[in-house]
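The structure appears below as structure tokens.
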Amino acid sequence: MRLMATSRREFGARLGALLLLPLATSGSARAAGGRTHKVEIRNFAFSPAELTIAPGDTVEWVNVDIVPHTATEQHDGAWDTGELKKGQSGKLTFDQTGTQAYYCAFHPNMKGRIQVRTA
Amino acid sequence: MALAVAAMAGCATAEKKMNDLKIAHSAYTAGNLDIRYAHMALALSETESVRRFAETMIRDHTAVNDQAVALITKLKVTPQDNPLSQALVKGASEKRNELSALRGKAFDCAYAQNELGYHQVVNKTVAGEFIPNTTQPELKSLLTNALATFKVHEGHAGKMVEGLKCG
Ligand SMILES: [Cu+2]
């Protein structure tokens, strides 16, 4: 909890089977076991752009650029961090295996990919 | 566009080196003018790609200019109006008049092409004149970050022009 600075945004959305369920009803047991992976948004790129995680892990995007960015699911916007201004971050937890392609809704050339798979 | 190019080129020769306060004024002015173009696009265009581009221009140029204001406030300095800023304002006012008479695809294409040209000229000036002549380190750093942003806009504008198939 030390990391929860005031400038951070918390989204807490859980994807896959739990998509659209409010945070309060999502599986907290798995959240406790999942790792958090940081993706920096710097110089108009996601770094790392490719990430492999386990189901139940969380990805945290941190924007260090001077302009706002987003991390938004590529195909139909199934998930979205919302606008992240300079210094803000947003997290999402991925429960289902599969590949998630995403981009920045403000700068569509910025692209990233998350592979969710069991080890 | 041609006017803006001529204005900027003319200024660069007339005034060999701009000081930090003039550079800050012109950089801020260039951003503000692009925000005004964007508001016009949101008022006049129904095209999704154009509207999204315009929204990004407002969001990004506002973010950059807010940081410029924070910096000059911290440094307790006042940017100086100068011939380049004046030429930019005049050129943009003429371009807005031209754009305001257009609708539909004619507007979209003229706006998109102007955005591409405007970012090309501004980027050339920021890279070739503003950054090399800036002495205050934080202003130099902000301009460097701003240039990276405007270059992305230039690429985005190029894609928008292509996508509109203006011919
Ligand atoms: Cu972005």
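Letters go in sequence order (proteins before strands), and every chain restarts at 1. Note that this is a predicted model, so its numbers are computed, not measured. Quick note: numbers below take in every heavy atom, side chains included, and nothing from hydrogens, waters or symmetry partners.
Under the 4.5 Å side-chain heavy-atom criterion for Ile, Leu, Val, Met, Phe, Trp and Tyr, B:M40 and B:L88 are members of the same hydrophobic cluster. B:F53 and B:L164 fall within the same hydrophobic cluster, defined by Ile, Leu, Val, Met, Phe, Trp and Tyr side-chain heavy atoms under 4.5 Å apart, directly or through other members. Placement of B:L147 and A:I66 within a single hydrophobic cluster is found when ILVMFWY residues are connected by side-chain heavy-atom separations under 4.5 Å, directly or transitively. When the side chains of ILVMFWY residues are joined at heavy-atom separations under 4.5 Å, either directly or via intervening members, B:I131 and B:Y28 end up in two distinct hydrophobic clusters. By the criterion of side-chain heavy atoms lying less than 4.5 angstrom apart, applied directly or through intervening Ile, Leu, Val, Met, Phe, Trp or Tyr residues, B:V89 is not grouped with B:I35; the two fall into different hydrophobic clusters.
Counting heavy-atom neighbours within 6.0 Å of B:K140 NZ, excluding the residue itself, gives a total above 12. B:R36 CZ: 12 or fewer foreign heavy atoms inside a 6.0 Å radius. Within 6.0 Å of atom CZ in B:R96, more than 12 heavy atoms from other residues, nucleotides or ligands are found, so the atom counts as buried in its surroundings. Within 6.0 Å of atom CZ in A:R42, 12 or fewer heavy atoms from other residues, nucleotides or ligands are found, so the atom counts as exposed in its surroundings. The 12-atom threshold is not exceeded at NZ of B:K124, counting heavy atoms of other residues, nucleotides or ligands nearer than 6.0 Å. For B:E46, the CD atom sits in a loose shell: 12 or fewer heavy atoms of surrounding residues, nucleotides or ligands are nearer than 6.0 Å.
Inspection of non-hydrogen atoms places A:V67, A:P68 of residues 67-74 of chain A under 4.5 Å from chain B. Within residues 55-64 of chain B, the residues that have a heavy atom under 4.5 Å from a heavy atom of chain A are B:T56, B:R59, B:D60, B:A63, B:V64, listed by number.
Residues A:P108 and B:R52 form no side-chain contact, since every pair of their non-hydrogen atoms from C-beta on lies 4.5 Å or further apart.
Contact annotation for A:F106: both backbone and side-chain heavy atoms come within less than 4.5 Å of a heavy atom of chain B.
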Full working for side chain to side chain contact (heavy atoms under 4.5 Å, CB included) between A:D65 and B:T149: CA-CA 9 Å; A:D65 271 349; B:T149 302; over 6 Å; no
